[in-house]
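Both counts, for ligands and for their atoms, begin at 1 and track the order of listing. Hydrogens, waters and symmetry mates play no part in the numbers below; they use all other heavy atoms, side chains included.
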Amino acid sequence: MTGPRTPRFPRLLVTGGAGFIGSCFVRDRLARRDGTHIAVLDKLTYAGNRANLASAESDPEQAARLEFVQGDIADPTVVAPLVAEADAVVNFAAESHVDRSILDPEAFLRTDVLGVHVLLEACRAEQERAAKGERAAAPRFLQVSTDEVYGSVESGVSHEDDRLEPRSPYSAAKAGGELLVRSYFVTYGLDAVVTRGSNTYGPYHHPEKLIPLFITNAIDDQQLPLYGDGLQRRDWLYVGDHAGAIGHVLAHGRAGETYNIPGGNERANREVVARLLELLGKPWSLVRQVEDRPGHDRRYAMDGSRLAALGWRNGMPFEEGLAATVQWYTHNEAWWRAIKSGEWEDYYRRQYAARLAGSRDAG
Ligand code: NAD
Ligand code: DAU
């Protein structure tokens, strides 16, 4: 019998590893039981949740390979010693919600741009140590970016070399972060790769985002605030596939390259909402048409041939992933009810009170 293969990067630093996609990456990696050690650096903002790592922390073999550090990627004193111990850094840490970036852009610049810079500087210092023979090799850096950097795509699909035309403070900050990564590859020869994932869904998704917000509101027979005509289109990617593709690019991606990670499941928001309500057995009358998101991107769609050429295939069909997600939220009420309290109530009021007051029947 053969055991698991030795990983290419036995010591990983995963920033933002208590968030939605980062925690999936950490859980899946540790569950392989291939000896990988993971240090998670997470600020535990409103979006970070230690409970997302509970399944790994309660398994003694996995817990022994997991270290959790609460801290800010924009703080060099926290970042430097962690990068010094890592063979690779995977940066999930970000402010990630478009609506919050419209309400308060500043935190987005601090984390999604300056935080990336601090991580890159720490990698550069380690690259210099490697050149002096003080460590075996420089760390590899993977920046988790987004399809939103391409802006709204009216027709066709975005390719990796297309112009970046971000249109929200969130996507502008993400574009800034990944352009810095590119500059560190070109200028300093840093071993860096970038992924651009599409709209991700699945368990542990913060209830501020469309799918979990609508599932949890519908469970409570609360109104579902659909922005504008609801005909905006997104390409849905299951969280396990997104995390798996990131791991694949980390292991096999070419330094300096960017890889799109499409879901292959383009749908109008209305279609997704109708299916969620069907799965939950709830009526369409819960849906309210509300004032649109300012600058709302109409559509995202990406070409995935570069990632396919690297040998990656998504595994989760959309129908199955959506049903599994609905089931997860119905079985994990304690998880999302704890999030939908405190800070959440202020945010919900700011984002939705006036919208819902002025809402109309969604047809
Ligand atoms: P999330 O908001 O669920 O998690 C972000 C995590 O980062 C949280 O745990 C938070 O506490 C942590 N964090 C925030 N600021 C930090 C800081 N300054 N220092 C350390 N930790 C900090 O986000 P997500 O949906 O899991 O997204 C993860 C990454 O993937 C982000 O970079 C996002 O831009 C990108 N992305 C997300 C999607 C999506 O659909 N969710 C799609 C493509 C790309
Ligand atoms: O495309 C990748 C991006 O997907 C990631 O980079 C972001 O981090 C992630 O948040 C997501 O951005 P979106 O803005 O596309 O996701 P969100 O779930 O906020 O919205 C999905 C669609 O649903 C979008 O067209 C806006 C709409 N929407 C959203 C909310 C929260 C509504 O109609 N009503 C809502 O209340």
Under 3.5 Å between some N or O of ligand 2 and some N or O of [X]?
X: Ser198; value: no
X: Leu210; value: yes
X: Tyr227; value: yes
X: Asp99; value: no
X: Gly197; value: no
X: Arg234; value: yes

Should [X] be listed as contacting ligand 1, given a heavy-atom distance under 4.0 Å as the test?
X: Ala74; result: no
X: Ala107; result: no
X: Lys174; result: yes
X: Thr15; result: no
X: Tyr170; result: yes
X: Ser23; result: no

Region of Ser198 engaging ligand 1 - heavy atom pairs below 4.0 Å =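 Looking at Ser198 and ligand 1, just backbone atoms fall under 4.0 Å.
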Is Asp72 touching ligand 1 with its side chain, its backbone, both, or neither, if touching means heavy atoms under 4.0 Å apart?
->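 Near ligand 1, Asp72 shows its backbone as well as its side chain.
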N or O pair under 3.5 Å between His242 and ligand 1 | no
The one among [options] that brings a heavy atom closest to [atom]:
atom: atom 40 (O) of ligand 1; options: Leu114, Thr200, Leu41; result: Thr200
atom: atom 21 (N) of ligand 1; options: Lys43, Arg110, Arg234; result: Lys43
atom: atom 19 (O) of ligand 2; options: Arg299, Arg293, Glu208; result: Arg293
atom: atom 3 (O) of ligand 1; options: Tyr46, Phe20, Tyr204; result: Phe20

Counting N and O atoms only, with roles assigned by atom type, does the side chain of Ser198 sit under 3.5 Å from a partner on the main chain of Asp235, one being a donor and the other an acceptor?
->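 The answer is yes, because a donor-acceptor pair under 3.5 Å joins these two groups.
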Any donor and acceptor pair, going by atom type alone, linking the side chain of Arg167 with main-chain N or O of Gly295 inside 3.5 Å?
->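 A pair under 3.5 Å: yes.
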Geometric cation-pi criterion [X] and [Y], 6.0 Å radius, 45° cone:
X: Arg100; Y: Tyr46; result: yes
X: Arg355; Y: Tyr227; result: yes
X: Arg254; Y: Tyr259; result: no

Can you find a non-hydrogen atom of Lys174 under 4.0 Å from ligand 2?
-> no
Hey, which of Trp336, Trp328, Phe20 is the one that makes ring-ring contact (aromatic ring centres under 6.0 Å, His included) with Tyr204?
->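 Of Trp336, Trp328, Phe20, ring-ring contact (aromatic ring centres under 6.0 Å, His included) with Tyr204 is met by Trp328 alone.
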Do Trp284 and Val273 come close enough that some side-chain heavy atom pair is under 4.5 Å?
-> yes
Any Lys/Arg nitrogen of Arg234 or Glu266 sitting under 4.0 Å from an Asp/Glu carboxylate oxygen of the other?
-> no
Measure up the Phe25 and Phe92 rings against each other and bin them: parallel (under 30°), tilted (30 to 60°), perpendicular (over 60°).
->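 Answer is tilted, since the angle falls between 30° and 60°.
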